[in-house]
Amino acid sequence: NLFLIVNLLLSIGLQLAISTIILSELSFDTYDANLLVGLKGWRQDVTAGIADRVCARDHRLPSNALQVTVLREVHAFLSSIGREGLEAGPLLSGIAIFVWTSNISGMLRNAFDFVRAVQFVYFDYAAESFSICRAHGKDGLIIHGVTQARLWWACLLCLLQLCIGLLLLVSGAAWLAVTRSVPELLVNSVALSYTLQVDHLVFQAFVPQRAKALLRSVRSIDMGKGAQPRLPGGIPDLAIAALGFAIIFPAVMTSTFVWPHAVQMRELRNELCP
């Protein structure tokens with residue numbers, strides 16, 4: 001129990017630290033209005049020859065490296081793909097946010113399923129103490145009783161998972177929405193996926209083998225179809241909620257952050273090379 005509690009606290013601390021760093025340091029758009037004003041002033045002051053060489057992305061320029069770098073990233077982000085003329089950067093940003101939201105939705109759904117299973121055992125067996133026994137005729141262990149204290153502990157864990165999940169969701173989506181480089185979008189998406197593996201990595205590294213073997217031997221709780229809340233037509237409610245959330249949240253993020261970010265990059269391109 002001590003090692004499991006330490007594993008829980010360490011996982012929570014690491015995920016909170018990652019989310020805080022992303023929100024405070026990485027979720028701000030560096031292509032802001034100040035950069036646009038500065039590029040306007042540069043365009044008015046610079047000679048036509050230098051401006052043409054910057055627009056041609058000439059890396060032999062002794063100065064104006066910032067303008068060349070900005071223009072290269074803007075062109076790559078707004079490059080068209082396919083006959084429909086879709087822009088690569090905004091499209092990839094939307095896809096990355098959708099995948100990230102789907103991952104968080106799966107994590108939150110598992111947390112709610114865990115609470116429902118513990119609640120089912122608590123009310124179905126009406127046990128006065130926690131009990132676990134070997135399954136009849138099968139390998140593994142099954143939980144036959146859960147106390148009220150353990151039920152509240154499960155609810156607390158679900159609440160912590162919900163808070164951490166939402167914090168990771170917002171910070172990760174904000175980071176992806178303001179990423180201005182297509183290669184960085186791919187790298188950041190992969191980096192975010194590792195934040196969801198922190199608890200698993202800590203568990204594998206620090207929990208004793210005996211505790212791991214015991215947890216692996218516990219069989220999943222079969223609540224039966226009647227115990228699982230469903231919508232009309234037998235559709236699982238959590239599945240519909242996760243799907244709807246994975247569609248609505250990326251759409252909101254795309255319209256609120258990704259699209260204005262793309263519009264600002266078009267303005268930068270037009271100011272540098274009208």
Side-chain angles (χ1 to χ4, degrees), residues 1-24 27 97 99-132 143-175 192-207 211-212 214-215 218 220-223 227-231 236-250 252-253:
N1 289 339
L2 175 62
F3 278 101
L4 292 177
I5 293 176
V6 171
N7 170 66
L8 173 65
L9 295 177
L10 184 58
S11 300
I12 292 175
L14 289 174
Q15 290 179 329
L16 286 176
I18 293 172
S19 301
T20 303
I21 292 173
I22 292 176
L23 278 177
S24 60
S27 59
I97 294 175
V99 173
W100 175 239
T101 306
S102 299
N103 288 331
I104 296 295
S105 297
M107 183 185 74
L108 298 181
R109 183 181 177 184
N110 290 336
F112 284 116
D113 284 336
F114 169 71
V115 171
R116 282 184 173 179
V118 174
Q119 187 180 28
F120 171 79
V121 174
Y122 174 77
F123 288 106
D124 188 68
Y125 292 99
E128 296 182 356
S129 62
F130 176 76
S131 61
I132 186 170
I143 299 176
H144 264 294
V146 174
T147 61
Q148 188 177 31
R150 291 182 182 269
L151 175 62
W152 285 111
W153 176 246
C155 293
L156 176 62
L157 290 179
C158 180
L159 181 61
L160 288 174
Q161 194 79 342
L162 176 63
C163 295
I164 294 175
L166 292 177
L167 183 59
L168 285 172
L169 174 66
V170 173
S171 60
W175 187 24
L192 283 174
S193 65
Y194 278 100
T195 62
L196 300 182
Q197 305 297 323
V198 169
D199 52 351
H200 176 72
L201 296 175
V202 172
F203 176 82
Q204 292 296 327
F206 303 115
V207 174
K212 294 179 186 177
L214 178 63
L215 291 175
V218 177
S220 59
I221 299 173
D222 185 11
M223 298 188 297
Q228 301 179 21
R230 294 177 178 269
L231 299 175
D237 57 347
L238 285 181
I240 294 299
L243 178 61
F245 184 72
I247 294 175
I248 295 175
F249 182 79
V252 173
M253 289 296 297

For the student: nearest non-hydrogen atoms of A242 and S105, plus distance:
O-OG, 3.9 Å
Any side-chain heavy-atom pair of I18 and Y194 under 4.5 Å:
no
For the student: nearest non-hydrogen atoms of P250 and T101, plus distance
CG-OG1, 3.6 Å
Atom CD in Q15, atom CG in D199: separation rounded to 0.5 Å?
5.5 Å
Could you measure the distance from the CE atom of M253 to the CD1 atom of I248? Nearest 0.5 Å is fine.
14.5 Å
Separation between CG of L168 and CG of L23, rounded to the nearest 0.5 Å
9.0 Å
More than 12 heavy atoms of other groups within 6.0 Å of L16 CG:
yes
State the CG-CE distance between N110 and M107, to the nearest 0.5 angstrom.
9.0 Å
As an exercise, state the distance from CD1 of I104 to CZ of F249, rounded to the nearest 0.5 Å.
9.5 Å
Smallest separation among heavy atoms of W100 and G172, with atom names:
NE1-CA, 3.6 Å
Give me the atom names and distance for the closest heavy-atom approach of V115 to A154.
CG2-O, 3.6 Å
Is the count of non-hydrogen atoms from other residues, nucleotides or ligands lying under 6.0 Å from F112 atom CZ greater than 12?
no
Could you tell me the separation between the OG atom of S171 and the CG atom of L192, rounded to the nearest 0.5 Å?
7.5 Å
Where is the tightest heavy-atom contact between L108 and G165, given as atom of each residue plus distance?
CD2-CA, 4.2 Å
